[in-house]
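For reference, the structure discussed in these notes is given below.
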Amino acid sequence: MTDWRGHILREFTPGVGKATLVADPNRLLTEPRLSEALNARGFELLLFEDPVAFRFAYESKYRYRLDAGQLIDLVVLQHGDSSSLRWLPFDLLARSRRLAFSLADYFPNLSYPVLCALEPQYLDLIYDAQARFNPGVLGENATKDFILRHVFEIAAELIKTDSDLLRTLLRRHYRLQVIPPLFVNRLVQVLTQSQLFDEWPLNVLFQEPSKFFAFLQERWPVFLRRFVGDGPAVDADLAIGGPAALPFDNPDVRVYIDTLFVEGILQPVDWHGLEGVRSSWLLFGIRRDPDRDRSERLASLLQIVDGELPQPDVRHGAWLKFAATWAQLVVLNSQATGTREQTARFAEIRERMDSAFTVWVENRFGALHNLPATPPVVVHHIARHLASQMSQGYSKIALVVVDGLAFDQWIVLREQISKQMPQRRFDEAGIFAWVPTLTNVSRQTIFAGKAPMYFPSSVYSTDREPSLWAQFWADHGLSPEEVGYMKGLREPNSLQSVDELASSPKLKVMGLVVDKVDRIMHGMELGTAGMHNQVRQWATEGFMASLFDILLSNGFAVYLTADHGNVEAMGCGRPKEGALAETRGERVRIYSDEILRNAVASRFPEALSWKPVGLPEDFLPLLAPARRAFVLDGQRTVAHGGIALEEMVVPFVRVLEGNQ
């Protein structure tokens with residue numbers, strides 16, 4: 001490597017035998033490609049955050065091997081400057097070499113405080129840009145402008161018209177572009193100084209995706225009235241400030257608009273007088289015949305996912321974005337009666353997706369758990385992300401974990417909640433579940449805020465979730481009476497207990513487990529379509545809408561996520577291991593003995609023996625093949641535990657009041 005990674009990798013020669021202690025204040029070594037390169041050289045990365053958790057991991061996995069004279073290429077990361085290494089255990093300091101890396105070493109001409117606001121994934125673009133353009137020494141604002149232009153492809157001085165601004169906003173939010181607030185504030189500052197967009201609520205539109213799409217949604221009928229004519233009367237009282245007329249028909253804007261309707265991000269409206277409509281892109285935003293609309297959306301979505309299917313070497317954000325689009329297609333495919341060609345195309349794309357995603361997960365998942373917790377990437381980041389939100393001024397936070405809720409089922413659930421609570425908004429993102437995607441593994445990581453290797457004694461059950469949740473928040477300064485936890489929520493009669501807990505005057509944090517979807521799944525014999533129908537029926541009863549009402553009315557910032565999704569699978573046969581498997585799931589088997597796992601794997605050659613990434617060393621998963629399950633050959637089931645996209649990428653949603 002000749003980029004910034006190459007300079008770091010030169011310091012790591014395998015086989016030296018000493019542990020390497022690294023002061024890494026900018027989390028450079030957790031960047032996935034660098035982490036993967038270190039792993040390929042045989043290095044193991046261990047993060048020092050919590051002294052007790054670190055001591056447990058070090059003693060149980062490495063200390064005895066070092067004492068026995070084994071060569072271990074261990075890298076211990078401390079996310080502080082070189083002086084922070086003194087907080088590491090003395091016995092480790094005495095037998096290790098020390099290194100320190102900083103952004104200032106590789107980007108000396110750019111403002112260090114500004115660079116610190118960026119995620120490591122953007123450093124490649126900055127490194128290339130500074131080599132190509134040689135900008136010289138830049139101050140803070142000049143560094144922000146340089147990064148906005150060359151990383152986020154936004155040149156504020158070139159945004160001069162409403163079309164330019166709208167295109168910039170669409171590119172940001174449609175691509176799920178994570179621009180840190182430091183850079184958004186600079187962009188808004190420059191645009192405000194131009195005085196060209198005084199009517200636009202720039203801060204809101206750049207910072208809040210759900211408000212931006214609501215801004216577009218309520219202006220769509222205004223545009224139709226002007227562009228098409230006829231139609232129903234348009235409400236002139238717009239909820240979100242800004243110009244009423246938007247240039248949806250501008251070629252650079254229009255290319256996004258029909259896609260937003262196809263992907264379900266914007267909703268079509270009722271309109272009469274369609275005789276004058278000749279532009280097909282407009283028709284996606286107008287309700288016509290439901291069957292025809294679904295059929296046309298299905299055809300368009302198939303084309304979109306085919307063109308956007310990520311390759312095995314992409315960054316994690318590409319899969320998170322794709323998962324949301326794929327979920328829309330899964331829902332639509334279960335509703336619409338597609339042609340034979342569409343059915344075949346869906347199956348062919350899904351097969352290519354499964355293959356690419358499996359390769360990506362095998363190569364890249366192990367590097368994700370050490371990434372910064374904001375924004376959260378893997379579910380064990382969620383608790384730390386919420387803690388950072390609380391430190392920034394949130395007084396009360398509630399986390400709702402819907403056990404087993406796949407992204408496509410969230411779309412079904414959200415549709416019903418939106419009908420019952422039209423004033424609510426949802427800021428949606430995706431997040432990775434832990435592998436294996438089992439409740440006792442992935443859900444516990446959510447409440448523990450750490451990888452499963454740190455709670456080996458409870459990794460086979462969920463009994464310790466309340467204490468793990470309480471301990472996490474105790475470590476962040478909250479007392480037991482300020483932390484609440486409830487599980488088994490699914491029916492209206494449990495809402496009173498939630499209300500009583502939420503109204504407790506001392507309570508600051510709530511963790512709630514809703515298990516209805518998981519119960520539906522384990523009794524499901526009708527596949528994906530059956531799951532959607534049952535989730536939709538449950539949602540119409542209003543439980544989730546009422547739950548959100550209770551939490552919001554008690555002043556909580558409300559987040560929703562899931563511990564894992566689920567997938568429709570066909571049986572490939574049951575392993576005959578008797579009682580020797582620790583967990584006998586339909587999509588995964590867990591063994592404590594490598595020999596036994598290998599013996600079973602030999603009878604299922606397409607199954608995957610998963611390396612215990614972040615897991616206890618004697619927790620050895622055998623994952624069922626793609627879209628297959630360890631049940632009777634040919635039997636259809638809906639299950640979880642494996643690494644299909646629908647199992648691994650789950651929703652992470654902020655539930656908002658309309659005026660928030």
Item checked: side chain to side chain donor-acceptor pair (under 3.5 Å) contacts touching residues 360-369 (sequence neighbours left out) -> Glu36-Arg364
Would you say the side-chain atoms of [X] pair up with the backbone N or O of [Y], donor to acceptor, closer than 3.5 Å?
X      : Y      : result
Asn554 : Leu551 : no
Glu646 : Asn566 : no
His381 : Leu371 : yes
Asn26  : Leu103 : yes
Gln444 : Val441 : no
Glu594 : Leu620 : no
Ser503 : Asp499 : yes
Arg597 : Pro621 : yes
Arg95  : Asp91  : no
Arg27  : Pro120 : no

Checklist line | Among Leu34, Asn370, Thr30, Asn39, side-chain contact (heavy atoms from CB on, under 4.5 Å) partner for Leu45 | finding: Asn370
Notebook entry, point to check: Pick from Leu99, Val75, Leu74, Leu93: which one makes a side-chain contact (heavy atoms from CB on, under 4.5 Å) with Leu21?
Noted result: Leu93
Could you check whether [Y] and [X] have their ring centres less than 6.0 Å apart?
X      : Y      : answer
Phe556 : Tyr394 : no
Tyr106 : Tyr127 : no
Tyr591 : Phe619 : no
Phe472 : Phe447 : no
His385 : His380 : no
Trp410 : Phe426 : yes

Check: Does the side-chain hydrogen bond (donor to acceptor under 3.5 Å, both in side chains) test come out yes or no for Ser388 and Thr374, once each step is laid out?
Finding: CA-CA 8 Å; Ser388 72; Thr374 297; 3.3 Å; yes
Would you say the side chain of [Y] lies within less than 4.5 Å of the side chain of [X], judging by non-hydrogen atoms?
X      : Y      : answer
Val600 : Arg589 : no
Leu47  : Phe54  : no
Phe107 : Tyr112 : no
Glu11  : Phe101 : yes
Phe543 : Val514 : yes
Tyr454 : Leu468 : no

Item checked: Counterpart residues, salt bridge (Lys or Arg N to Asp or Glu O under 4.0 Å), relative to Lys396 (two or more places apart) -> none
Notebook entry, point to check: What residues, two or more places apart in sequence or in another chain, satisfy salt bridge (Lys or Arg N to Asp or Glu O under 4.0 Å) together with Glu49?
Noted result: Arg384
Nearest 0.5 Å please: distance from the [atom1] atom of [X] over to the [atom2] atom of [Y].
X      : Y      : atom1 : atom2 : result
Leu77  : Leu28  : CG    : CG    : 10.0 Å
Ser210 : Glu428 : OG    : CD    : 9.0 Å
His522 : Ile520 : NE2   : CD1   : 11.5 Å
Asn440 : Arg464 : CG    : CZ    : 13.5 Å
Ser82  : Asp24  : OG    : CG    : 12.0 Å

Next item on the list: Start with the C-alpha gap between Phe432 and Leu320, add the side-chain angles, then the distance that decides, and say whether side-chain contact (heavy atoms from CB on, under 4.5 Å) holds.
Entry: CA-CA 8 Å; Phe432 291 101; Leu320 293 177; 3.5 Å; yes
Note to self: side-chain contact (heavy atoms from CB on, under 4.5 Å) for Thr20 and Val76? Distances and angles first, verdict last.
What the structure shows: CA-CA 6 Å; Thr20 302; Val76 177; over 6 Å; no
Next item on the list: Inspect the contact between Glu31 and Arg5 and indicate whether a charged nitrogen and a carboxylate oxygen are less than 4.0 angstrom apart.
Entry: yes
Note to self: Under a 4.0 Å threshold between the charged nitrogen and the carboxylate oxygen, would Asp403 count as salt-bridged to Arg443?
What the structure shows: yes
Next item on the list: Sequence neighbours left out, what pairs pass salt bridge (Lys or Arg N to Asp or Glu O under 4.0 Å) with at least one residue falling in residues 114-123?
Entry: none
Check: Excluding sequence neighbours, so at least two apart, what forms side-chain contact (heavy atoms from CB on, under 4.5 Å) with Pro312?
Finding: Ala356, Val359
Item checked: Nearest heavy-atom neighbours spanning Val649 and Ala323 -> CG1-CB, 3.4 Å
Next item on the list: List the atom of Leu507, the atom of Ala502, and the distance in Å for their closest heavy-atom pair.
Entry: CD2-CA, 4.2 Å
Does the side chain of [X] come under 3.5 Å of the side chain of [Y] through a donor N or O and an acceptor N or O?
X      : Y      : value
Asp124 : Trp4   : yes
Asp475 : Gln471 : yes
His7   : Asp105 : no

Note to self: The test is side-chain contact (heavy atoms from CB on, under 4.5 Å); show your working for Leu608 and Ile643 and say whether it passes.
What the structure shows: CA-CA 10 Å; Leu608 176 61; Ile643 56 172; 3.9 Å; yes
Notebook entry, point to check: Does NZ or CZ of Arg63 fall inside the cone over Tyr58's six-membered ring, less than 6.0 Å from its centre and within 45° of the axis?
Noted result: no
Next item on the list: Just do the salt bridge (Lys or Arg N to Asp or Glu O under 4.0 Å) check on Lys516 and Glu491 with the steps written out, would you?
Entry: CA-CA 8 Å; Lys516 182 67 173 184; Glu491 304 298 344; 3.2 Å; yes
Check: Asp618 and Ser592: side-chain hydrogen bond (donor to acceptor under 3.5 Å, both in side chains), yes or no, with the steps?
Finding: CA-CA 5 Å; Asp618 60 350; Ser592 58; over 6 Å; no
Margin query: I'd like to know whether Val650 forms a side-chain contact (heavy atoms from CB on, under 4.5 Å) with Leu405, so could you lay out the CA-CA distance, the side-chain angles of the two residues, the decisive distance to 0.1 Å, and finally the verdict.
Written below: CA-CA 7 Å; Val650 295; Leu405 182 72; over 6 Å; no
Donor-acceptor pairs under 3.5 Å, side chain of residues 480-490 to any protein atom, not counting sequence neighbours: which ones?
| residue | atom | partner | partner atom | Å |
| --- | --- | --- | --- | --- |
| Glu481 | OE2 | Ser479 | OG | 3.4 |
| Glu482 | OE1 | Ser479 | N | 2.8 |
| Glu482 | OE1 | Ser479 | OG | 3.1 |
| Glu482 | OE2 | Lys508 | NZ | 3.3 |
| Tyr485 | OH | Glu465 | OE1 | 2.5 |
| Arg490 | NE | Asp515 | OD1 | 2.7 |
| Arg490 | NH2 | Asp515 | OD1 | 3.4 |
| Arg490 | NH2 | Asp515 | OD2 | 2.9 |

